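By convention in this document, chain letters (A, B, ...) are assigned in the order of the sequence lines, proteins followed by strands, and residues within each chain are numbered from 1. This one's a predicted model, so the numbers in the text were calculated from it and none came from an experiment. Note that these values count all heavy atoms, side chains included, but never hydrogens, waters or copies made by symmetry.
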Amino acid sequence: MKITVNGTAQDTAAPTLDALLEELGHGGAKIATAVNETFVPAALRPQQRLNEGDCVEIVAPRQGG
Amino acid sequence: MPVFYDTEVTSRLMLGTAQYPSPAILADAFKRSGAGIATVSVRREAGGARAGQAFWDIIRALGVHVLPNTAGCHSVREAVTTAQMARELFDTNWIKLEVIGHADTLQPDPFGLVEAARILTDEGFAVFPYCTEDLVLCERLVEAGCRVLMPWGAPIGTGLGLNNIYGLRSLRAHFPDLPLVIDAGLGLPSQAAHAMELGYDAVLLNTAVARAGDPAAMAEGFALALRAGRLGYEADPMEPRDMAAPSTPVLGRAFT
């Protein structure tokens with residue numbers, strides 16, 4: 001299915017957010033996530049189903065002012 | 001020293017972590033200034049990059065409080081979701097709330113700011129709102145649950161200093177017991193000293209230090225200015241007057 005990850009369109013077969021993160025190489029990384037602008041806590045990623053057209057955000061700590 | 005949401009900090013300087021020439025210079029700036037709070041952000045991470053972990057290791061080594069921001073958010077939804085992600089990433093309920101209202105001036109959207117502050121306060125966040133010095137806006141933010149206010153001195157990154165002395169003085173007088181922080185717009189230590197002389201509790205800055213030719217020296221300069229300005233405020237300064245008044249005794253002058 002086609003989804004958007006961090007603003008870039010891509011195909012995935014991952015059924016859940018947790019599976020997508022593994023597929024993209026984020027396993028064990030210090031990240032936080034949102035789907036369709038709604039925060040998804042780490043503990044809920046395995047239950048978070050992905051659907052066609054979903055917009056996924058994957059963020060990490062960065063410099064800030 | 002200031003108390004933010006029941007936490008006393010060890011410095012009146014809150015320092016950003018962006019735009020430094022290197023991580024070593026960033027660490028040196030914190031060390032020489034004694035800044036007690038570091039502001040950080042969340043940004044998109046590519047798969048396998050692990051850049052976030054590397055940056056987080058640098059920040060943790062500073063041994064300071066961490067204040068995540070919602071920089072760049074232009075809507076309430078973006079700001080609230082960013083705050084929620086930041087809380088999980090940094091394991092703190094502190095959030096520097098930015099809801100930007102204008103792309104050129106980066107001035108806050110006061111309407112969105114109040115709405116987001118109310119939502120986040122209800123969710124248990126300790127909100128540090130980046131706001132203007134508008135008195136009515138600040139009253140609304142306090143009503144929304146904010147126990148600290150962070151009015152700008154001038155637009156972010158300009159280095160113009162304190163643009164509205166009257167407004168800032170008025171805000172201090174109106175909220176005598178609330179921690180007030182000048183956030184953004186400072187370029188020189190003298191401007192930070194002025195903020196202290198107005199009775200402000202702390203300043204938050206980034207560009208003035210990070211973009212200086214010698215960031216660590218500038219950070220120390222700000223720390224010294226903050227101490228000087230605060231001492232001046234606490235020492236009950238004299239009232240200015242229009243007419244000259246001799247400081248040397250007039251009585252006993254020769255030739256009279």
Side-chain angles (χ1 to χ4, degrees), chain A, chain B residues 14-20 23 26 38-60 66-72 75 77-78 80-91 96 98 106 123 130 156-157 183-184 204-210:
Chain A
M1 72 186 143
K2 292 190 187 321
I3 63 172
T4 302
V5 178
N6 284 350
T8 302
Q10 67 180 77
D11 278 307
T12 182
T16 64
L17 178 58
D18 203 42
L20 176 71
L21 295 173
E22 283 294 332
E23 180 182 298
L24 296 176
H26 287 293
K30 188 170 182 60
I31 53 167
T33 53
V35 175
N36 300 328
E37 293 194 20
T38 298
F39 171 56
V40 181
L44 297 183
R45 288 174 198 155
Q47 293 112 281
Q48 179 68 46
R49 307 289 305 178
L50 292 180
N51 298 300
E52 180 83 20
D54 276 351
C55 291
V56 177
E57 293 288 341
I58 304 166
V59 299
R62 283 290 188 284
Q63 297 83 352
Chain B
M14 302 158 79
L15 201 52
T17 57
Q19 307 182 85
Y20 291 83
L26 182 157
T39 53
V40 294
S41 74
V42 303
R43 286 293 181 267
R44 286 171 167 170
E45 177 94 318
R50 299 293 193 275
Q53 183 66 57
F55 173 69
W56 179 232
D57 291 342
I58 293 168
I59 298 305
R60 268 196 310 188
V66 172
L67 178 59
N69 69 28
T70 64
S75 72
R77 181 87 184 264
E78 286 176 12
V80 168
T81 302
T82 299
Q84 292 165 334
M85 292 193 289
R87 178 161 63 177
E88 184 177 83
L89 270 180
F90 297 106
D91 195 25
K96 176 187 164 184
E98 294 186 31
L106 298 180
E123 292 189 10
Y130 161 64
I156 296 170
D183 177 9
L204 196 169
L205 49 95
N206 189 155
T207 309
V209 166

If you count heavy-atom pairs within less than 4.5 Å of chain A, which of [options] leads?
| options | value |
| --- | --- |
| T39(B), L26(B), I59(B), N206(B) | T39(B) |
| K96(B), R43(B), M14(B) | R43(B) |
| L89(B), T81(B), N69(B), V42(B) | L89(B) |
| G47(B), S41(B), P68(B), G52(B) | S41(B) |

**Prompt:** Does a side chain donor of either R62(A) or T17(B) reach within less than 3.5 Å of an acceptor in the other side chain?
**Reply:** no
Side chain, backbone, both or neither: which part of [X] has a non-hydrogen atom closer than 4.5 Å to chain A?
| X | value |
| --- | --- |
| L67(B) | neither |
| R50(B) | side chain |
| A51(B) | both |

Nearest 0.5 angstrom please: [X] [atom1] to [Y] [atom2], how far?
| X | Y | atom1 | atom2 | result |
| --- | --- | --- | --- | --- |
| Q63(A) | I58(B) | CD | CD1 | 7.5 Å |
| I58(A) | M85(B) | CD1 | CE | 10.5 Å |
| E78(B) | E37(A) | CD | CD | 6.0 Å |

**Prompt:** For atom CG of D91(B), is the number of surrounding heavy atoms from other residues, nucleotides or ligands below 6.0 Å larger than 12?
**Reply:** no
**Request:** Look at G65(A), G27(A), A34(A), G28(A) and state which one has the largest set of heavy-atom pairs under 4.5 Å with chain B.
**Result:** G65(A)
**Prompt:** So which of N6(A), T38(A), L21(A), V5(A) has the biggest tally of heavy-atom pairs under 4.5 Å with chain B?
**Reply:** N6(A)
**Prompt:** Can any side-chain N or O of E88(B) pair as donor or acceptor with the backbone N or O of A42(A) at less than 3.5 Å?
**Reply:** yes
**Request:** Under 4.5 Å heavy-atom distance to chain B, tell me which part of T33(A) shows up: side chain, backbone, both or neither.
**Result:** backbone
